[in-house]
Amino acid sequence: MSTTTTPQTPRSRRRAALTGRAPADTPGSLWNYVFLSLVILFSAFPLYWMLVIATSTDAALAKIPPQVVPGDQLLTNLREVFSMQDVYFIQSLANSAIVSTVVTVAVLFFCSLAGFAFAKLRFKGRNVLMVIVILTLTVPNQLGVVALYIVMGKIGWNGTLLAVIVPGLVSAFGVFYMRQFILEAVPDELVEAARIDGATTMRIYASIVLPAVRPALAVLGLLTFVGTWNDFQWPLITLNGTDYPTSMVAISDLASGNYVLYRRVLAGALVATIPLLIMLFVGGRQIVRGIMEGAIKS
Amino acid sequence: MSVTRADPAAPPGGPAGRPTGRDEPDRHRWRNRLHRFDMRFTPYLLVAPFFLLFLVFGLFPIIFNGVVALRHWRLDDATLTGWAGLANFEKLLTDDDFWNALYNTFGIFVLSTVPQLTLALVIASVLNRRLRAQTWFRVGVLLPYVTPITASTLVFAVVFARDGGVANWVLSVLHLTGDEPIDWRSAKWSSWFVLATMVNWKWIGYNALLYLAAMQSIPRDIYEAAAVDGAGVWRQLWRITVPMIRPVVIFTVVLSTIGGLQLFTEPMLLEQNAQAARGGANGEWQTIAQLIYKVGWKDLNLGYAAAMSWALFLIIVVVAAVNALITNRLGGGKR
């Protein structure tokens, strides 16, 4: 059986090589699909395992061999999470939603404005300022956390949501990303024509630029929301021990103590993950495209 | 500042610049002024939010961090704020915790970056084939990217538990371990491996998409020529694809250097009682970012924490530069 099939494979493969197809034109082989499926399984595994643990009892989790299907204790575990004292889990979800929404809306607004200015308006120092924006992309803000904490302390914002929201209101990446998009998506002639018709800059922004950049707004919005929702270090530093944690800080609160109930912690984590999974489900195509486009240009 | 200059500033340049001036109806003049103001100052207003916020919450803290590093600055003793000079930095040089954390950080960094980028490359080259359900696969590899690190880290912490963890169970089923289950958190090598696994899991798909994007801009006829010359799939990958996407490879190397050396969430949540920030009973996997948190907000010594973060910053700059240089050489770059 194998002797009859083997002569064919090398020949067809050789022929494919001789006609010289680029990878993008080469149909995926069975092995490609198997490999990619394994990659996806590996990617999804922690999510699945989170579900298993979050729906189980302590006894079920202690079993060996471990149980591999979700249990039916999700509601019990969730009830425990939401009724825990000193963790404020519901409050933290609301806080995360507030922070992520405000930051996302602000980033979209400020970054599209700045991107518009850098892409289509002429002003003194434009190039220098743009170089500064790009340079700030490479500065890890995180390294100023000690001083940022002190600054926030002086303003009196430590322990309030303002400390998390305000530094995130614009992003260098967002400015850069919007500029690149607007350069191509908005024709110069259109801006000129609107000017001649007497439109103000803000009018041009509202009626020409904004409609044209909707796809980029979607991408930047999704990326910003996910990033803000998942941020952990700075919220932990500034909000820890207050009544205003974000959900990520609350999860780490759940996981702090001498005896950690993982089914409870991960039930909470599951809840905090669901909004992001919905985003990926709804906007996956856009997120993929956004990451890929950002890469080519940077 | 541009706001205050707005109205009063218009007249000086105004009348001289416009020939029509006087006989125009007021409405037109007002409009013209508005137009000139709009053309001149609006662009600055549009970019101002970024620069204002960056100055206050980005640049200033980093510079101020340098000042804090040169002072005594304790959260529990507000009076102790005098100049320390270089005392904090001197302390750094003889601090075993710091060197241990530096060692851990580098170990985990190497264990995570190399497999991460290699696998991303392989995955990208497979994704670059003509596939059915292409979008589905691409979105699938992004699952880790949207999963909160706090959540995935806690799952991995359970998977790599000593007793009852799935990892040990799989190893014992495969007869790869003896009678004793592996205590992943008790040794450097095993805890580093666990953390590197988390980091790799998180970022492989993201990097694969970056590579895929670059791969799609490689002209097809280059592959045709290579195939005619008899180059196989692997040869094409290493000889054509990788050199052609070198800028993106360098970009990802720099990105993962910056990210890898600041590793924080994973080491924090690997241990029970996360907020102690010990990184293992004897600091087996304590990273620098974690140590900074511990020194600053557990030991309440902000001055010393600031000195550490400056040191980390310098280390990152140097390592990122060296890495970019090496990658450039390996990829056959000219410089």
Side-chain angles (χ1 to χ4, degrees), chain A residues 17 20 22-28 32 35-36 39-40 43-44 46 49-50 53 62 64-66 110 113-114 117 121 123 136 140-144 146-148 151 167 169-170 175 200-201 226 230 232-233 248 251-252 255-256 260 262 265-266 269 273 276 280 284-285 288 291-292 295-296, chain B residues 38 42-43 46-47 49-50 53-54 57-58 61-62 64-65 68 123 126 128-131 135 137-144 146-148 150-152 154-155 158 164 166 169 205 209-210 213 220 223-224 227-228 248 251 258 262 264-265 269 272-275 296-297 302 305-306 309 313:
Chain A
D25 299 323
T26 316
N32 292 154
F35 175 71
L36 284 179
V39 170
I40 305 281
S43 300
W49 212 247
M50 178 155 54
I53 297 169
I64 288 188
F110 289 133
L113 281 178
L121 303 180
F123 55 97
T136 64
N141 277 347
Q142 217 196 58
L143 294 175
V146 174
L148 189 59
V151 171
L169 290 179
V170 289
V175 174
T200 60
T201 308
V226 171
N230 286 345
F232 177 64
Q233 187 178 16
M248 296 302 118
I251 289 172
S252 86
S256 280
V260 178
Y262 278 105
V265 182
L266 288 173
T273 307
L276 305 177
L280 186 67
R285 198 185 287 259
V288 168
I291 290 174
M292 287 175 62
I296 292 182
Chain B
D38 183 36
T42 311
L46 301 194
V47 300
F50 171 81
L53 282 168
F54 174 70
F57 298 109
I62 289 176
F64 186 43
N65 216 23
V68 177
I123 291 172
V126 175
N128 198 22
R129 294 285 172 89
R130 214 179 68 216
L131 297 169
T135 314
F137 281 121
R138 288 181 190 173
V139 173
V141 298
L142 267 193
L143 272 173
V146 301
T147 308
T150 46
S152 58
L154 288 165
V155 175
V158 179
V166 188
W169 175 72
L209 287 183
L210 297 187
R220 298 185 171 190
Y223 286 102
E224 286 170 21
V228 171
V248 178
F251 176 69
I258 294 174
Q262 295 185 72
F264 179 74
T265 312
L269 292 172
Q272 292 214 343
N273 200 357
Q275 291 179 4
W297 286 275
L302 284 187
S309 62
F313 179 56

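Below, all heavy atoms of this structure are taken into account, side chains as well, without hydrogens, waters or symmetry copies. Numbers restart at 1 for each chain; the letters A, B, ... are given by sequence-line order, proteins then strands.
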When heavy-atom pairs shorter than 4.5 Å are enumerated against chain A, which of [options] gives the highest number?
| options | answer |
| --- | --- |
| B:I258, B:L143, B:T147 | B:L143 |
| B:V68, B:V146, B:V139 | B:V146 |
| B:G205, B:G140, B:S152 | B:G140 |

Check [X] against [Y] and note the closest heavy-atom contact, atom names and distance.
| X | Y | answer |
| --- | --- | --- |
| A:I40 | B:V141 | CD1-N, 3.7 Å |
| B:A213 | A:M292 | CB-O, 3.2 Å |
| B:N65 | A:G144 | ND2-CA, 4.0 Å |
| B:L154 | A:A255 | CD2-CB, 3.8 Å |
| B:A151 | A:T273 | CB-OG1, 3.8 Å |
| A:L121 | B:P43 | CD1-CG, 3.9 Å |

Is B:I123 close to A:L36 at the side-chain level, that is, under 4.5 Å between some pair of heavy atoms? yes
Measure the shortest side-chain to side-chain distance between A:I291 and B:L142 over non-hydrogen atoms and say whether it is less than 4.5 angstrom. yes
Check whether [X] gets within reach of chain B through its side chain, its backbone, both or neither, counting any heavy atom under 4.5 Å.
| X | value |
| --- | --- |
| A:V175 | side chain |
| A:F123 | both |
| A:L266 | side chain |

Option that, when pairs with chain B are counted at under 4.5 Å, heavy atom only, ranks first among A:V146, A:I53, A:V170, A:V39: A:V146
Option in A:L113, A:N32, A:T201 with maximal non-hydrogen atom pairs under 4.5 Å from chain B: A:T201
Could you measure the distance from the CG atom of B:L53 to the CG atom of A:L169? Nearest 0.5 Å is fine. 5.5 Å
Please round to the nearest 0.5 Å and tell me the distance separating atom CG of A:N230 and atom OG1 of B:T150. 6.5 Å
Test your reading of the model: is there a side-chain donor-acceptor pair from B:D38 to the backbone of A:T200, 3.5 Å cut-off? no
Part of B:T135 within contact of chain A (heavy atom distance under 4.5 Å): side chain
Does any backbone or side-chain atom of B:F137 lie under 4.5 Å from a heavy atom of chain A? Answer side chain, backbone, both or neither. both
